[in-house]
Structures are given as C-alpha cells and as structure tokens.
Amino acid sequence: MTHNAQKTCWNCPAAKLKGNVDFRGCGQSGRIVPKGESKQIMIECKRRPGLGHFEPTIEFQNCPEWRETEYGYLLEDMRVMILGIDGYLGWTLALKLGNLGCQVSGIDNFTRRELVDEKGSQSVVPIRPIDERLEAAKEVLDIDINFREMDLRDEDKLRDFIQEVEPESIVHYAEISSAPYSMGGMKNAVEVQDNNVLGTLKLLHIMKDEVPTTSLVKLGTMGEMGSPLTGRPLFEGLFPSDAKIEWEDKEWSLGGEMTPRDPASFYHCSKVHDTYNIYESCKYWWMRSMDVMQGIIYGVHTEELAQDKRLRTRLDVDEAFGTLINRFVSQAVSDIPLTVYGEGEQIRGMIPLRDAMECMVRLIGSPSEPGQYDVVNQISGVHKVKEVAETVADVAQNEFDLDTSIQRIENPRVEPEQHPFYAIARKLPKEFGFESNISMHEEVEKMFEVLTQERVKERIRENREVILPETRWDSQDGELGVIEEYEPGEKEMGRYKGKIDRGKED
Ligand code: USQ
C-alpha cells in the first residue's frame with residue numbers, strides 16, 4: 001500500500017482545529033483533564049468547508065483532496081512554498097513539484113549567486129537569471145512559479161507573501177550551506193549564523209501566526225551529528241524508544257530525547273541551533289516539522305532538469321560551495337588531481353540529487369502531526385572519501401577516457417580522519433516508501449556527460465584558481481602541502497563496505 005494512504009486529517013495541513021483546542025488535554029502531556037471537560041478534537045476542512053465540524057479521521061486514500069502519485073498521495077494542487085528557490089536544490093525541487101501538479105511559489109535573495117561570485121567563482125553549469133528560468137519553466141513544462149525576491153529575514157515581506165499564498169507546505173532551503181565559508185573568519189561566521197539561525201527563527205514566528213497548520217520541511221544536515229569515535233549509532237535525530245543509558249548502576253531511558261550533536265563547523269552549528277528552535281516551536285505552538293538530515297549531495301540530473309538547457313540547476317565546485325563528489329568530477333574533467341583531504345578515511349552519508357528530490361516529495365506529502373517534530377536521515381549510501389575518489393577516477397578513465405590522478409592534501413579541516421560511522425536511516429524506507437536504486441557509479445557517469453560538454457569544461461577551467469582548498473579551520477596561515485600523489489587503483493583500499501542500517505525487514 002502507498003506509504004501515506006492511511007494518514008488522516010490529523011496530518012493534513014487543510015484541517016483546521018475547531019476553536020482554541022487545549023492540546024495539553026489530548027493525552028500527550030501529564031495534564032489531568034478535569035471531569036466533564038471534553039478530550040474530543042474536532043476539525044473543519046479548509047478545502048471542504050461544507051463538511052462542517054467533524055473528527056479528524058478521514059484517510060488520504062478516501063479523501064478527494066488527496067491524489068495518488070508515483071511518490072505517494074499529494075494534496076491536489078498543493079500549495080508548496082520553497083525558500084531558497086534559486087539554489088541547487090530549490091530550483092530542482094520547484095520543477096519536480098510543478099511537474100507533479102503542485103502550485104509552487106518561492107523566494108530567494110540570490111545570496112548564493114553573490115557569494116560564489118565574490119569568491120571569483122561561478123556555477124560551472126551555466127544557469128539563467130531567474131526571469132528566464134521562470135519563463136523556461138512555463139514554456140517547457142507548463143509550470144507557473146510564483147516568485148518573489150526577498151531575504152528570509154525581511155519579516156514584513158515574508159509575512160505578506162505567506163499571507164497571500166497560504167502555503168500548505170513550506171520547504172526551507174534558504175540557508176548559507178557552506179562549512180568552509182563559515183570558517184573563513186568572523187565576518188563569515190556571523191553572516192552564516194545570522195542568515196541561517198535568525199532567518200529560521202523569524203520564519204517559525206511567522207508560520208505560528210499565519211499558517212500554524214502548515215508543515216515545515218527543513219533542510220538540516222547529517223553533519224549535525226558528527227562522527228562519534230565510539231561508533232555510537234547516528235539515530236534519526238531522537239533516541240529510539242528502547243535506548244537507555246547506564247550510570248552509577250542504574251538504567252535510564254533516553255527514548256524520544258534529542259541525540260547529542262557534534263557539529264563540524266560554524267555552518268553545521270547553525271543547523272544545530274535551528275534544530276533546537278524548530279523543536280521548541282513544535283512544543284510551544286503545536287507546529288509540525290520534518291527536519292531532514294541530508295548527507296552530502298551530488299549530481300546534476302533529474303527528469304525535469306534534463307528537458308532543456310535553460311532549466312538546468314547550478315553546480316558549484318569551488319573549495320567553499322562545492323561538495324565532495326561534485327568537486328572530484330570537475331577536477332577529473334579539468335585534469336586536476338582529485339583533492340583528498342588528509343588520510344581520506346573520512347566516512348560520510350551521501351545521496352544523489354535525484355534521490356534527494358524524491359525523498360522531499362515523499363516528506364511533503366506526509367506532514368507530521370500537530371506538535372510533532374520529526375527527523376529523518378536522508379542518505380542513499382555511506383562511503384569513504386578516498387574510495388569516492390577511486391570511483392570518480394574509474395568512471396573518468398573507463399567511460400570518458402580521462403586520465404586522472406589523486407592527491408592527498410594536508411587537511412584544511414579539524415575533523416577525525418579515521419572513525420567508525422554507523423548511520424541509521426530507517427524512516428525513509430519504512431515510513432515514507434523510499435528505496436534508492438541509483439548507484440554512485442551511474443550518477444557520476446551522468447555528471448560526466450554534462451561536465452564534459454565543451455561550454456561546461458571551459459567554465460571549470462575558468463574556476464581552476466578557486467578549486468584548491470585555502471580555508472583552514474585552525475585559522476593558521478600558510479599553504480596546504482600535498483602529502484602524496486598516486487594513481488587510481490594503486491593503493492590497497494582496505495575493503496570498506498559502507499552500510500546503512502535500514503532496519504529489520506518486516
Ligand atoms: N573533502 C575532501 N576533499 C574535498 C572536499 C571535501 O577530502 O575536495 C572531505 C572533507 O574533509 C570532509 C568530506 O570530504 O571530510 C565532506 O566534505 P564536503 O565539503 O563534501 O561536505 P561538508 O563540508 O560536510 O558539507 C556538505 C554541504 C553541506 C551539507 C553537508 C552534509 O556543503 O551543506 O550539510 O555536506 S554532511 O557532510 O553529511 O554534513
């Protein structure tokens with residue numbers, strides 16, 4: 001059965017609770033409901049006011065407002081607002097949702113374009129100005145996107161836009177998402193935390209006032225949890241119900257509590273601050289949110305992006321805004337030895353763009369319940385950095401006839417270079433019906449197809465100066481030396497088999 005077929009009005013953003021419901025009486029807290037006081041919760045449907053007041057028990061599969069798609073049920077013409085719609089993920093998701101019949105709106109202040117430009121870099125996949133992107137979306141895919149230029153922190157403008165659109169889901173991508181950028185001195189660190197933490201905090205207040213039943217799907221990061229040297233499982237944000245701690249001969253339950261965070265940069269810290277602010281808002285105001293702990297993303301391909309050159313999404317490969325695999329592929333294309341930092345034994349959860357977009361659609365279609373702060377670990381595979389370099393070099397050599405070497409550079413970051421990694425990612429497959437069928441090899445191949453196009457290659461070459469790492473976490477000056485350079489296949493890899501814990505099969 002479709003994963004969200006049996007969710008009910010209780011999860012539906014169109015369900016408006018009748019009157020001032022005192023949730024403290026609904027069994028989720030220790031408050032004792034005085035005799036004679038009713039615990040029954042009634043709702044009105046904003047989409048079907050004719051129904052009057054009723055109990056929130058209609059299942060999505062029986063509600064004419066919910067329609068079945070390849071990713072589960074979605075509200076008909078669902079109004080989804082994407083914050084950060086001009087970015088790598090925002091633009092890609094806008095096209096996917098538009099194609100699925102959602103009414104897409106979005107904001108952006110073009111920070112990413114500006115910061116990349118300031119760095120002397122550019123998206124190596126050429127992208128159009130927003131007006132042309134919107135026109136192309138209309139012309140090629142027949143999607144009308146309601147776009148407004150604004151900073152997330154401009155509370156008046158944001159409030160007006162949210163009042164006007166009344167989104168049923170808000171996807172929050174409008175953050176500065178670079179760890180190296182955030183470690184580039186006081187100005188950058190403050191800018192990242194100001195943009196990310198205050199932007200999110202303002203958004204939460206506005207949502208509480210204007211659209212309290214709307215679900216917030218917020219992009220967090222696996223990096224919030226770090227990589228504990230004990231090998232402790234990286235649970236999905238909260239401890240599972242059977243987790244315990246033993247202390248001084250006594251056992252204590254940890255179930256439902258937030259797991260410890262161990263962020264790896266001031267950027268990752270900003271996501272942790274967001275997490276707590278969102279968690280608290282759900283608790284105080286009965287808002288609902290899904291915090292998405294996404295691994296390192298890579299790729300340039302989705303069905304929609306491939307339809308027309310004007311629809312492509314950006315791809316950054318510089319030291320600050322490029323992520324691991326995107327950087328390695330561009331390095332292979334421009335004959336730069338792949339830049340493995342330190343030992344290269346760092347392990348991370350990773351996910352292709354296509355998979356990440358599918359997960360987001362599934363999450364948008366399955367809102368949390370009122371008051372529920374939920375978390376998913378959004379990853380498709382777990383890999384070691386130096387093995388990723390081997391995979392990229394292998395595709396470069398065998399499919400595209402590109403000779404590639406690998407260099408180990410002194411690590412600009414302060415991070416463990418050898419550590420266990422035990423990622424739990426049970427919810428997306430078990431509760432949201434997601435199953436990844438894309439191998440890294442296959443996705444990397446698709447990247448090479450785009451990145452070896454002459455125009456893109458030329459832009460990567462123009463970016464050469466900003467590809468090597470410069471930003472050091474330890475704040476020291478001085479160039480980062482090359483530890484060694486080697487040929488792919490030359491090293492014993494130690495047979496690391498990254499595994500994700502997707503839970504027991506039912
Ligand atoms: N690394 C290299 N060579 C490079 C770039 C990175 O060896 O050229 C290493 C880094 O030292 C690190 C790992 O690869 O150990 C990942 O680096 P990254 O730059 O791909 O990822 P990170 O800085 O952690 O951040 C990226 C995104 C961020 C997202 C995060 C997910 O920029 O927005 O939150 O991935 S995660 O890593 O799971 O936290």
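When a ligand or atom number is given, it counts from 1 through the structure's own listing order.
- Glu345 is linked by a salt bridge (charged side-chain N to carboxylate O under 4.0 Å, His left out) to Lys384, Lys386, counting only residues two or more places apart in sequence or in another chain.
- The existence of a salt bridge linking Arg133 and Asp86 is confirmed by a sub-4.0 Å separation between a basic side-chain nitrogen and an acidic carboxylate oxygen.
- A salt bridge is absent between Asp291 and Lys271; no separation between the charged side-chain nitrogens and carboxylate oxygens falls under 4.0 Å.
- Ion pair Glu443/Lys446 not flagged as a salt bridge, since none of the NZ, NE, NH1 or NH2 atoms sits closer than 4.0 Å to an Asp/Glu carboxylate oxygen.
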Measure and list all N/O to N/O distances between ligand 1 and the protein that fall under 3.5 angstrom.
unit_1   : atom_1 : unit_2 : atom_2 : d
ligand 1 : 3 (N)  : Thr339 : O      : 2.6
ligand 1 : 7 (O)  : Tyr341 : N      : 2.9
ligand 1 : 8 (O)  : Arg327 : NE     : 2.9
ligand 1 : 8 (O)  : Arg327 : NH2    : 3.1
ligand 1 : 8 (O)  : Thr339 : O      : 3.2
ligand 1 : 8 (O)  : Thr339 : OG1    : 2.8
ligand 1 : 8 (O)  : Tyr341 : OH     : 3.4
ligand 1 : 11 (O) : Glu415 : OE2    : 2.6
ligand 1 : 15 (O) : Arg348 : NH2    : 3.2
ligand 1 : 15 (O) : Glu415 : OE1    : 2.9
ligand 1 : 15 (O) : Glu415 : OE2    : 3.1
ligand 1 : 19 (O) : Arg413 : NH2    : 3.0
ligand 1 : 20 (O) : Leu324 : N      : 2.8
ligand 1 : 23 (O) : Arg413 : NH1    : 2.8
ligand 1 : 23 (O) : Arg413 : NH2    : 3.4
ligand 1 : 32 (O) : Ser177 : O      : 3.1
ligand 1 : 33 (O) : Ser177 : O      : 2.9
ligand 1 : 33 (O) : Tyr267 : OH     : 2.8
ligand 1 : 34 (O) : Thr221 : OG1    : 2.8
ligand 1 : 34 (O) : Tyr267 : OH     : 2.7
ligand 1 : 39 (O) : Thr221 : OG1    : 2.6
ligand 1 : 39 (O) : Gly223 : N      : 2.8
ligand 1 : 39 (O) : His268 : NE2    : 3.3

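- Electrostatic pairing of Glu280 and Lys283 counts as a salt bridge here, judged by a charged N lying under 4.0 Å from a carboxylate O.
- Glu319 has a carboxylate O that lies under 4.0 Å from a charged side-chain N of Lys119, or vice versa, which qualifies the two as a salt bridge.
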